[in-house]
Amino acid sequence: MVVIYENYKDYSAPERVQPIVAGLLGELAPKYLHGLQSVVLTNSVAVGKGKTMRVGGRRYPRRECRGFYHPKRSGEPPWIELVVDNILAWSDAYTTAEQDYTERALASVLFHEIGHHLDYTIGSPTRRGEIAADAWRDRLIEEILRKRWARLGARREVSPLV
């Protein structure tokens with residue numbers, strides 16, 4: 001079971017965030033989460049200054065990122081960090097009065113980071129790195145949508161996550 005922690009600095013996340021992340025994790029098959037210790041919900045101020053390692057030939061300010069995967073290191077199990085304020089700002093840009101994109105945005109980032117975990121532990125049919133994480137993200141979202149569709153008896157009310 002993956003534990004969810006909250007670690008914010010001068011920030012209070014909406015109450016709906018933690019249950020959405022817990023629900024998304026609960027819908028995944030345990031094989032995808034094997035070895036993953038925790039998911040930490042945080043904000044951009046708590047992430048700290050500095051830049052990321054090179055991603056696609058560029059280094060990005062850490063405070064602008066939406067999530068991080070921390071692989072197993074020095075005996076510490078792997079874990080995921082979600083930067084909630086950045087994810088919500090991203091989802092708010094697409095949310096309308098008719099459609100709330102909060103779950104979709106959280107799923108996209110969470111499953112991308114889980115994709116990095118799976119790339120490290122299982123491998124990927126594509127190139128390593130960001131491309132592999134995106135491929136895993138798409139596969140996980142597709143699997144959850146299939147489960148939701150079957151559970152709801154193929155009713156048309158099921159909306160895609162991403």
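The aromatic rings of H116 and H112 sit perpendicular to each other, their planes meeting at more than 60°, with 30° as the lower class boundary.
Within the 3.5 Å criterion, the main-chain N or O of A132 finds no donor-acceptor partner in the side chain of D119. A distance-only check finds a donor-acceptor pair linking the side chain of T42 to the backbone of N7 [under 3.5 Å]. Looking only at distances, a side-chain donor or acceptor of E113 sits under 3.5 Å from a matching main-chain atom of Y69.
When the shell of 6.0 Å around NZ of K147 is examined, it contains more than 12 heavy atoms from other residues, nucleotides or ligands.
In this structure, OG on S108 lies 4.0 Å from CH2 on W90, to the nearest 0.5 angstrom. For the atom pair D100 CG and D92 CG, the distance stands at 8.0 Å (nearest 0.5 Å). Between atom NE2 of residue H117 and atom CG of residue L36 there is a gap of 5.0 Å, rounded to the nearest 0.5 Å. Residue W79 holds its CH2 atom at 9.0 Å from CD of Q37, rounded to the nearest 0.5 Å. Note: L88 CG to R66 CZ = 11.5 Å, rounded to the nearest 0.5 Å. Here R137 contributes atom CZ and I114 contributes atom CD1; the two are 12.5 Å apart, rounded to the nearest 0.5 Å.
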Go through L24 and E103 one step at a time and tell me if the side-chain contact (heavy atoms from CB on, under 4.5 Å) criterion holds.
CA-CA 9 Å; L24 291 168; E103 183 185 42; 3.9 Å; yes
For side-chain contact (heavy atoms from CB on, under 4.5 Å), just list the numbers for I144 and L140, CA-CA rounded to whole Å, side-chain angles, deciding distance to a tenth of an Å, and then say yes or no.
CA-CA 6 Å; I144 283 183; L140 295 174; 5.8 Å; no
Please assess S44 against D85 for the test side chain to side chain donor-acceptor pair (under 3.5 Å), listing each intermediate value before the final yes or no.
CA-CA 7 Å; S44 56; D85 57 339; 2.7 Å; yes
Please test V40 against L82 for side-chain contact (heavy atoms from CB on, under 4.5 Å), starting from the C-alpha separation and ending with a verdict.
CA-CA 6 Å; V40 176; L82 299 180; over 6 Å; no
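Linking Ile, Leu, Val, Met, Phe, Trp and Tyr residues whenever their side-chain heavy atoms come within less than 4.5 Å leaves W136 and I131 in two separate clusters. Both I80 and I122 belong to a common hydrophobic cluster when Ile, Leu, Val, Met, Phe, Trp and Tyr are linked at side-chain heavy-atom distances under 4.5 angstrom. With hydrophobic clusters built from ILVMFWY side chains whose heavy atoms lie under 4.5 angstrom apart, V3 does not share a cluster with I20. Cluster annotation: Y5 is not connected to L33 through the hydrophobic network of ILVMFWY side chains, with a link wherever side-chain heavy atoms come within less than 4.5 Å.
Between R148 and E142 no salt bridge is recorded (no basic side-chain N to carboxylate O distance below 4.0 Å).
When all heavy atoms of V83 and G67 are compared, the closest pair comes out as CG2-N, 4.2 Å. Nearest approach of G35 to P77, heavy atoms of both residues: O-CB, 4.2 Å.
Y32 has its side chain within reach of L118: a pair of non-hydrogen atoms, C-beta onward, lies under 4.5 Å apart. Within the 4.5 Å cutoff, the side chain of V45 has no heavy atoms near those of the Y8 side chain. Residues V47 and N86 have side chains not in contact (no heavy-atom distance under 4.5 Å, counting atoms from C-beta outward).
The side chain to side chain contact (heavy atoms under 4.5 Å, CB included) test with V21 singles out one residue from V84, L41, V2, and that residue is L41.
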